[in-house]
2 protein chains.
Amino acid sequence: MPRIAKAQAEQAIDERKDQIKKAALKIFAEKGLAGTKMSMIAEAAGISQGLSYRYFESKDEIFGLLVEEAIEESRQAIQHIGRLPGSPLEQLRAFTLHLLDEDHKQFFLLVQQALTSEGVPHKAREAIERYSPQDTIEQMIPIFVRGQQEGQFAEGDPYKRLILFLSVVNGLMLQDAKATGMDWTQEVDRLLNILTK
Amino acid sequence: MPRIAKAQAEQAIDERKDQIKKAALKIFAEKGLAGTKMSMIAEAAGISQGLSYRYFESKDEIFGLLVEEAIEESRQAIQHIGRLPGSPLEQLRAFTLHLLDEDHKQFFLLVQQALTSEGVPHKAREAIERYSPQDTIEQMIPIFVRGQQEGQFAEGDPYKRLILFLSVVNGLMLQDAKATGMDWTQEVDRLLNILTK
DNA sequence: GTCTATAGCAGGATAGAC
DNA sequence: GTCTATCCTGCTATAGAC
């Protein structure tokens, strides 16, 4: 096979893989590992039941890959905060909006599912354990402390304040899965009161 | 069988049923319907795999019964708020502490699982749909409005304020399943800032 | 490259021994 | 009344036709 044609073929394969992963992400995020049947993924992707196995070894492999991608996405988002323009408050505001964004939310829910599922593939389990919420908070602490020095944020233990705040945001995302049609982005400033007041 | 002996036998059966349900609640709340295997329930209850079926028809029946009990418990808690002593703020504080209480939390998580699971038994699905978060909020609105009149709570649409607050509390409970060993009851006053500020 | 048909297995539910 | 051994369904994963 000529080089060009080969590259095209590989690209087609990657596109198919992405199509399946995208469908799988939506369903895994909603129903968890055990609650998701391969037939559901196939239907959502608009392909036949067996075809996924031409592109992936197993259901576990798809789940594991998605978890790793979710964690990588999360890691990059948090590292990005410090470089955002604006005051510490504006930085955390932008970060929070990013967390509540639709695309990120699915990744987030997936990780939650992985945390509460039985029989999670070994690789996925490892990836999650490497990336604890502690890491996120540690990245946020310098920003928060700067905000305290500038008088924007409340006094007190930054770690405790931030873990409360992140838990609340996490909670909203989980809640939102089946939620009330409320646009949380409108409420971000009220949430930030937890830090500023 | 004499009346007394018969009553004793029935009591023994009820105790066994409670034992199984208690074990099941813990696991269902954590892993959902599909993620929970009957063998897990049996192990947690300290009995053999097949014995549960002498006391319950099916896995679905156990799940359904627990969901109904959870909703009943929730309904009673919310109706109880208005009769609590103290100011509106103190009433909502007590209610929030009750929600965050360990026993209530498992019921709450179970309902969340039911909301996000496939193939939930018909009866459980119905019970949940009868009991929407709206009901809870409607019960809370008069209390909140009284607090507004007394100047304790922030101005603004009571419904929106309360749904944000409940979502946050819900979120904390969900989060807490795998959480950080934090005692949320310590943070209730900070959460109530969402309403009072 | 995709579909349909099916093998193999895990787990829900049952039967029968004790 | 409880356990162990099995049946049977439904799902994962594979094989083979097109």
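Across the protein-nucleic acid pair, A/F56 atom CZ and C/dG1 atom C1' stand 15 Å apart, rounded to whole Å. Atom CD1 in B/I41 sits roughly 17 Å away from atom P in D/dT2 (whole-Å rounding). The separation between B/I62 atom CD1 and C/dA13 atom P is 9 Å, rounded to whole Å. The separation between B/M40 atom CE and C/dA13 atom P is 15 Å, rounded to whole Å. We find that OH of B/Y55 is positioned 17 Å from C1' of C/dA13, with the value rounded to whole Å.
Using a 4.5 Å cut-off on side-chain heavy atoms (C-beta onward), B/L33 and B/Q113 make no contact. Using a 4.5 Å heavy-atom threshold, the side chains of A/R16 and A/I13 count as separate.
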Which letter, B, S or -, goes with each nucleotide of nucleotides 9-14 of chain D from 5' to 3', with contact meaning a protein heavy atom under 4.0 Å? --SBBB
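Contact between the side-chain N/O atoms of B/R54 and the OP1/OP2 oxygens of C/dA13 is not found at any separation under 4.0 Å.
Here the side chain of B/Q148 pairs a donor or acceptor atom with the backbone of B/G156 at under 3.5 angstrom. B/R161 contributes no side-chain N or O that, together with a main-chain N or O of B/I194, makes up a donor-acceptor pair within less than 3.5 Å.
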Which pairs would a plain distance check flag for residues 47-57 of chain A, meaning a side-chain donor or acceptor within less than 3.5 Å of a matching protein atom at least two apart in sequence or in another chain?
none

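The aromatic rings of B/F63 and B/F28 sit perpendicular to each other, their planes meeting at more than 60°, with 30° as the lower class boundary.
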